[in-house]
There are 2 protein chains.
Amino acid sequence: MKERILEEAGRLFATRGYAGTTVQAVADAVGLAKPSVIYWYPTKKALQDAVVDQVLLEWRQTLPRVLDAASSGADRLDNVLGEVVWFFSQAPDRARLLTRVVVDDPTELRDRLQGHLRPWLALLAAYVREGQQAGRVRADVDPEAWVIEVVILLISSFAAAEVAAGVLGGDPDSARERLVGELVRMIKRSLHPEPEGGTP
Amino acid sequence: MKERILEEAGRLFATRGYAGTTVQAVADAVGLAKPSVIYWYPTKKALQDAVVDQVLLEWRQTLPRVLDAASSGADRLDNVLGEVVWFFSQAPDRARLLTRVVVDDPTELRDRLQGHLRPWLALLAAYVREGQQAGRVRADVDPEAWVIEVVILLISSFAAAEVAAGVLGGDPDSARERLVGELVRMIKRSLHPEPEGGTP
DNA sequence: CCTACCGATCGGTAGG
DNA sequence: CCTACCGATCGGTAGG
């Protein structure tokens, strides 16, 4: 039952935000009375923490794939982006939830996110720098700033995917596809002028 | 007094969101009793609408500058980006507010935003396409998708600027500067491999 | 522009 | 896991 609650709460927090989600609404979505939700998660805050923790956990579980993608194939960046895109495409609520955490002000949650992000920032920035020394990556890239901007772009692009597809018009599915394609292209071209792999 | 209310409400809606902002909090910030706020803006919803309208109005007032920047100088894209960056740097709450409108779900607000965006999308995409025909812009760019992704990146980058600067570390001001610099570089390089202007 | 007040709903508790 | 209930606060109104 904890899982059902977590699932519905995740959906609601992602779409309506923390303040916009009532414990009663979560209870209704699951089909329980309000105190039953409070039985499993003692406060609304604890429920939100659990939801955010779950997204971070799911991300950690995706890590092996990403690291694998990062060390194989002709175009490693392309592979990594593919995994990240898959992670958010799978469940766009993840991106919406993370966007809220960043924008909703709670400094404590931000700090928790930063703790998760900082090691990644260092790792990825080192990769970029390495590429620069090898001449594969443009010299004018600011490695740390690039990584941060790419993370922002990835998360917010998926968080806004629905609206963006609406603005683009046409069939929603193909609109989403065009947007993801251009997103990936932009990120790659911002790092190096032409694909890594060269001619196959 | 309407102005004071609008100002404080804008600050609060941007930082805490619609559901997270109470009419009482707005009243306290201005130094009025709650019913006095309701006197000037008959409902909380009307107050939010006024706040969003104001941001859109300020953007329209910035338009002449942007259009001017778009038709002068060696690197027109650079000039336009400079104006947009200035618009959001001036008041980062604008970006945070727009992010919320997109993510907070109210379909009606989205539609209003889309109405504002659509003509721009067409105009900017046409510019990109024109550049492609002249060979100034890479052929693999998807003009409409590119414009949308750039708008998303610009808005969310400023909305997350504070957190991003925290992750980057060091002096907050110079961190912000690095991030904006890289943001602009990414956008430019995603369109054409080298600066438009050539050697001066 | 304020005081006084409204019904509804908030997060959470008591007790079983 | 539920019913019954708590004080606090919500958006908004009445009346001046």
Side-chain angles (χ1 to χ4, degrees), chain A residues 1-55 93 96-97 100-101 103-112, chain B residues 1-55 93 96-97 100-101 103-112:
Chain A
M1 189 50 70
K2 274 192 95 164
E3 278 174 40
R4 289 277 329 277
I5 295 172
L6 203 64
E7 194 183 317
E8 295 296 338
R11 225 172 33 79
L12 286 165
F13 282 134
T15 54
R16 304 199 215 282
Y18 179 77
T21 301
T22 65
V23 176
Q24 184 66 62
V26 176
D28 290 347
V30 183
L32 292 178
K34 188 174 62 170
S36 306
V37 172
I38 289 298
Y39 168 75
W40 294 107
Y41 298 93
T43 63
K44 184 184 174 183
K45 178 75 165 45
L47 184 51
Q48 194 206 26
D49 286 350
V51 166
V52 173
D53 279 343
Q54 200 205 22
V55 174
D93 276 354
R96 296 218 264 171
L97 199 80
R100 286 193 179 280
V101 168
V103 93
D104 259 14
D105 110 320
T107 323
E108 167 243 333
L109 264 186
R110 283 186 186 177
D111 293 349
R112 193 137 57 91
Chain B
M1 189 52 66
K2 275 192 92 165
E3 278 174 39
R4 289 276 331 273
I5 295 172
L6 203 65
E7 193 183 318
E8 295 298 334
R11 225 172 32 80
L12 287 166
F13 281 135
T15 55
R16 303 200 215 282
Y18 180 76
T21 301
T22 65
V23 176
Q24 184 66 63
V26 176
D28 289 347
V30 183
L32 291 178
K34 189 174 61 170
S36 304
V37 172
I38 290 298
Y39 167 74
W40 294 106
Y41 297 94
T43 64
K44 185 184 174 183
K45 178 76 165 45
L47 183 52
Q48 194 206 26
D49 286 349
V51 166
V52 173
D53 279 343
Q54 200 206 19
V55 174
D93 277 353
R96 298 218 263 170
L97 199 80
R100 287 192 177 281
V101 168
V103 94
D104 258 13
D105 112 320
T107 322
E108 167 242 334
L109 263 186
R110 283 187 185 176
D111 294 349
R112 194 137 55 91

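A, B, ... follow the sequence lines: proteins, then strands. Residue 1 opens every chain.
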Rounded distance in Å - [atom1] ([X]) to [atom2] ([N]):
X     : N      : atom1 : atom2 : answer
B:R4  : C:dC1  : CZ    : P     : 10 Å
A:F13 : C:dG11 : CZ    : C1'   : 12 Å
B:L47 : D:dC10 : CG    : P     : 15 Å
B:W40 : C:dC2  : CH2   : C1'   : 14 Å
B:Q24 : D:dA8  : CD    : P     : 15 Å
B:Y41 : D:dT13 : OH    : C1'   : 20 Å
A:R16 : C:dC10 : CZ    : P     : 11 Å
A:L12 : C:dG11 : CG    : P     : 12 Å

Give one of base, sugar-phosphate or nothing for A:S36, where a contact means two heavy atoms less than 4.0 Å apart.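 Here A:S36 touches the bases of the nucleic acid.
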Looking at D:dG16, which nucleotide sits across from it as a Watson-Crick or G-U wobble partner, both distances under 3.5 angstrom, or is there none?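 Partner of D:dG16: C:dC1.
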Which nucleotide, in any strand shown, forms a Watson-Crick or G-U wobble pair with D:dC6, with both distances under 3.5 Å?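 Paired with C:dG11.
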Candidates [options] - which lies nearest the side chain of [X]:
X     : options               : answer
A:K34 : C:dC1, C:dG11, D:dG12 : C:dG11
A:P35 : C:dC1, D:dG12, C:dA14 : C:dA14
A:Y39 : D:dC1, C:dC1, D:dC10  : D:dC1
A:V23 : C:dG11, D:dC10, D:dC2 : C:dG11
A:T43 : C:dC2, D:dG12, C:dG12 : C:dG12

Report yes or no: is there a donor-acceptor pair, N or O only, under 3.5 Å between the side chain of B:K44 and the base of D:dG12?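 Per atom types, no contact qualifies.
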For A:I38 and A:A25, find the nucleotide of DNA chain C closest to each by heavy atoms; which residue's nucleotide sits nearer the 5' end?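 By nearest-heavy-atom nucleotide position, the 5'-most residue is A:A25.
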Run the salt-bridge test on [X] and [Y] with the 4.0 Å N-O cut-off and return the result as yes or no.
X     : Y      : answer
A:D49 : A:K44  : no
A:R4  : A:E7   : no
A:D53 : A:R112 : yes

Nearest 0.5 Å please: distance from the OH atom of A:Y18 over to the CG atom of A:L12.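 Spacing of OH (A:Y18) from CG (A:L12) equals 13.5 Å.
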Does some side-chain heavy atom of A:Q48 sit less than 4.5 Å from a side-chain heavy atom of A:T43?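 The answer is no, as the side chains (C-beta and beyond) never meet within the 4.5 Å cut-off.
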